[in-house]
There are 2 protein chains.
Amino acid sequence: MVRPTMEDVALRAGVSRALVSLVMRNSPKVSEARRSAVLKAAEELGYSPHAMARSLASRTSTVLGVMVSDLHNAFFAEVVDGIDEVAREQGFDIIINTGGRSPARERRALESLLSFRPAGLILLSPVVPATAISKAAEQLPIVLVARSSRVSTVDTVNDDGEQGARLAVDHLVSLGHKRIAHLDGGEGTQAGPRRRGYVTAMEAHGLTPQVVPSEYTDAAGARAIRGLIDDGTLPTAILSCNDFNAVGAISALEDAGLRVPQDVSVVGYDNTSLAALRHVSLTTIDQPRAEFGRLAADALLQRVREQRTEPVRHLLNPSLVVRNTTAPPATSRRSSGSPFPSTAEGDSAGSGSRTADSRAKSQERRSSDQ
Amino acid sequence: MVRPTMEDVALRAGVSRALVSLVMRNSPKVSEARRSAVLKAAEELGYSPHAMARSLASRTSTVLGVMVSDLHNAFFAEVVDGIDEVAREQGFDIIINTGGRSPARERRALESLLSFRPAGLILLSPVVPATAISKAAEQLPIVLVARSSRVSTVDTVNDDGEQGARLAVDHLVSLGHKRIAHLDGGEGTQAGPRRRGYVTAMEAHGLTPQVVPSEYTDAAGARAIRGLIDDGTLPTAILSCNDFNAVGAISALEDAGLRVPQDVSVVGYDNTSLAALRHVSLTTIDQPRAEFGRLAADALLQRVREQRTEPVRHLLNPSLVVRNTTAPPATSRRSSGSPFPSTAEGDSAGSGSRTADSRAKSQERRSSDQ
DNA sequence: TCTATTGGTTGGAGCGCTCTAATGCTGTAG
DNA sequence: CTACAGCATTAGAGCGCTCCAACCAATAGA
């Protein structure tokens, strides 16, 4: 249970501790003979450098801290993949901590990450107050992903939520929809731009926006739909604030005997793996997640190594992925809803024909039902 | 960009560095006057202790390392929740790293975690070779979750995969199924027990096991089903190695024009959030995930604090969650498949009637189709 | 009054490493 | 033969902290 130290290696190789240190950081100013002797000794002892002692002594760190606001959301896993890729290329390690979407727990996670004095921090969709972030930014470089900031010491990587919402609205309008509601993400990060984009796009088309309060969850989506049905204000198309919300909305619609997409079209946001499942086959807005991670890591490393000080604001273009939850609206004559579901396919792998198929079935059943 | 040190706090509070140290570790042997003076100074300077220096000096660590083999899988998120809960209670922090299911990357993640000299390590379903694990176990306590080990220095927390598979088979048999295939998890961790449990249970019922090679993925499940259809060996029920595999299997079945559960019943394994979605509503085997995490953290902390040396082997009982992908098999007369899908509901929240509904529809459509 | 005792406080060594400046050693030029 | 590079190597200080032993009142016991 006790790891060998540099001293042990030095002793065994018959050199000084400093020389071992040079070899470990593969300095060029070491003779081949000594280098191999040291390497051999290290190997025999199973020595590997103590990262903390190293970083303490060098007053630098080769660690990037990553705070994932919600481990349950696969969205972040792909961002982490992108971060990891770049970090590894550049010889940095990452350590992750999670806040479980609770500000208190997230704050703790932040403290914990900070206590390791990493070279920098990447926060994925943090929910802590902005002040906590700018306070941390006084101590080390910070990059925010999926959350914006005006602080000049922090960089941000976001998708253009306004544009994403606009893509969705344009798609629905081109299918012939006029009444399109937005299930709003409320306080959720990025909910603002999406809502703005939706409103702007609706108005650009000369349509009346209908913003329905909701949240980034399955249950909230279902609840919002039930509310609309009860109010008698259900439109022909729904733009959800994210995929989870959309799936909840679809469930509630179908529970109410409505067909998706024949009676109501639904568009999600995020293109999570959930949306791609054939079973769900959700039309949605895709964000380049791994690219988020890569850009975030790049931005951070630029601050760390090149001492950049001007803030970077990446705003990536989202794209529309058409699957099987959107179709032209039913005409006013009830029995003859549009017979052809959308079959355009926006992503290469994944969603097959199953859902379209089952929708066709559900349509038939309904017409025989009433 | 420079954090204050203990020295700074001591200076400002007019005490020695050692006293500040005592206050930071809230030692009882400090007078109230001094304590509050130090706390005030620390507050004013925005001081927080340097975890690495602390652990270097004390030769102990209050950090638990967690290696998550796959961040994309929400299964692990819940285990981490459990770990975090216990760790936090006991004053430990956790740092996470991920291996992305690649042995090479996982090895690197392990090295990285090790370089922080944490008090112990919890590995969630690791894919590195056993030798790598036992080597690491010489340096610090290790707990394995969802992977077994014979090494006496490592503890393990698993579900009883044999029992889980047996529950699934019993359920299917009780519905009247006789031909039940198992889509096998191959090399995947825990695939062995599940396969054994399946085979044993089948034989106990006097039935012939049919083990089909597959993997823990969506795509693999679909592929396996297509193979069975091509061979003409498709049974009336499928027990998948996990939920992802099951969802892939369902897609492939429905692509082939078969109805779930009327033509074929499908049971998953893991009860992921995916399974609970109304859209999917998968009958599956639930594992107490948060409990896995809690037990793992407990076991680790026992080794760390109480110097326990005898290995602990937790084997938790899984449970069956019946949703809407299982039903009695169709009788031989093709047109009159069992008309009633299972409606038993194993979990309180979540899956509603939508899926059962759409299955009913799909059945109708099929009878009118051919 | 003197010695123990106790509770509070402090100096200093040291954790495993890096980094600077200094050292020893060769080889070449003056 | 001395001088001086130029290179490989090393001693030693120090990173921010903990921990031990020593210290210093202030009180208690004799």
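Lettering follows sequence order; numbering is per chain, from 1.
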Rounded distance in Å - [atom1] ([X]) to [atom2] ([N]):
{"X": "A/N26", "N": "C/dT18", "atom1": "CG", "atom2": "P", "answer": "12 Å"}
{"X": "B/E7", "N": "D/dC17", "atom1": "CD", "atom2": "P", "answer": "10 Å"}
{"X": "B/M52", "N": "D/dC17", "atom1": "CE", "atom2": "P", "answer": "13 Å"}
{"X": "B/R3", "N": "D/dC17", "atom1": "CZ", "atom2": "C1'", "answer": "14 Å"}
{"X": "A/M6", "N": "C/dT18", "atom1": "CE", "atom2": "C1'", "answer": "8 Å"}
{"X": "B/H50", "N": "C/dC15", "atom1": "NE2", "atom2": "P", "answer": "18 Å"}
{"X": "A/L56", "N": "D/dG14", "atom1": "CG", "atom2": "P", "answer": "14 Å"}

Next item on the list: Please determine, for the side chain of A/A53, which listed nucleotide (C/dC19, C/dG16, D/dC17) has the closest atom?
Entry: C/dG16
Check: Out of C/dG16, D/dC17, C/dT18, which nucleotide sits closest to the side chain of B/P49?
Finding: D/dC17
Check whether any side-chain nitrogen or oxygen of [X] sits under 4.0 Å from OP1 or OP2 of [N], and answer yes or no.
{"X": "A/T5", "N": "C/dC17", "value": "yes"}
{"X": "A/R54", "N": "C/dT18", "value": "yes"}
{"X": "A/R25", "N": "C/dC19", "value": "yes"}

Indicate yes or no: does [X] engage [Y] in a salt bridge with an N to O separation below 4.0 Å.
{"X": "A/R108", "Y": "A/E111", "result": "no"}
{"X": "B/K40", "Y": "B/E43", "result": "no"}
{"X": "B/D155", "Y": "B/R313", "result": "no"}
{"X": "B/D84", "Y": "A/R105", "result": "yes"}

Next item on the list: Using the side chain to side chain donor-acceptor pair (under 3.5 Å) rule, take B/R117 and B/Q139 through it: C-alpha gap first, then chi angles, then the decisive distance, then the call.
Entry: CA-CA 9 Å; B/R117 303 290 192 278; B/Q139 299 184 5; 5.8 Å; no
Item checked: Between B/R3 and B/S48: side-chain donor-acceptor atoms closer than 3.5 Å -> yes
Checklist line | Residues B/R35 and B/S31: side-chain donor-acceptor under 3.5 angstrom | finding: no
Next item on the list: Give a yes or no on this: more than 12 heavy atoms of other residues, nucleotides or ligands lie within 6.0 Å of atom CZ of A/R308.
Entry: yes
Next item on the list: Kindly determine whether A/R25 and A/S21 satisfy side chain to side chain donor-acceptor pair (under 3.5 Å), including the steps that lead there.
Entry: CA-CA 6 Å; A/R25 289 173 288 147; A/S21 172; 2.7 Å; yes
Under 3.5 Å, which N/O atoms of the protein pair with N/O atoms of nucleotides 7-9 of chain D?
{"unit_1": "D/dT9", "atom_1": "OP1", "unit_2": "A/S31", "atom_2": "OG", "d": "3.0"}
{"unit_1": "D/dT9", "atom_1": "OP1", "unit_2": "A/R34", "atom_2": "NE", "d": "2.8"}
{"unit_1": "D/dT9", "atom_1": "OP2", "unit_2": "A/S31", "atom_2": "N", "d": "3.0"}
{"unit_1": "D/dT9", "atom_1": "OP2", "unit_2": "A/S31", "atom_2": "OG", "d": "3.3"}

Notebook entry, point to check: Using rotation axes that map the C1' atoms of four end pairs onto the next four (five pairs an end), what angle separates the end axes of the helix from C/dT1-D/dA30 to C/dG30-D/dC1, to 10°?
Noted result: 70°
Margin query: Under 3.5 Å, is there any donor-acceptor pair linking the side chain of A/R17 to the base of D/dG12?
Written below: yes
Next item on the list: Let me know, please, whether B/A18 or A/P4 comes out on the 5' side of the other along DNA chain C by nearest nucleotide.
Entry: B/A18
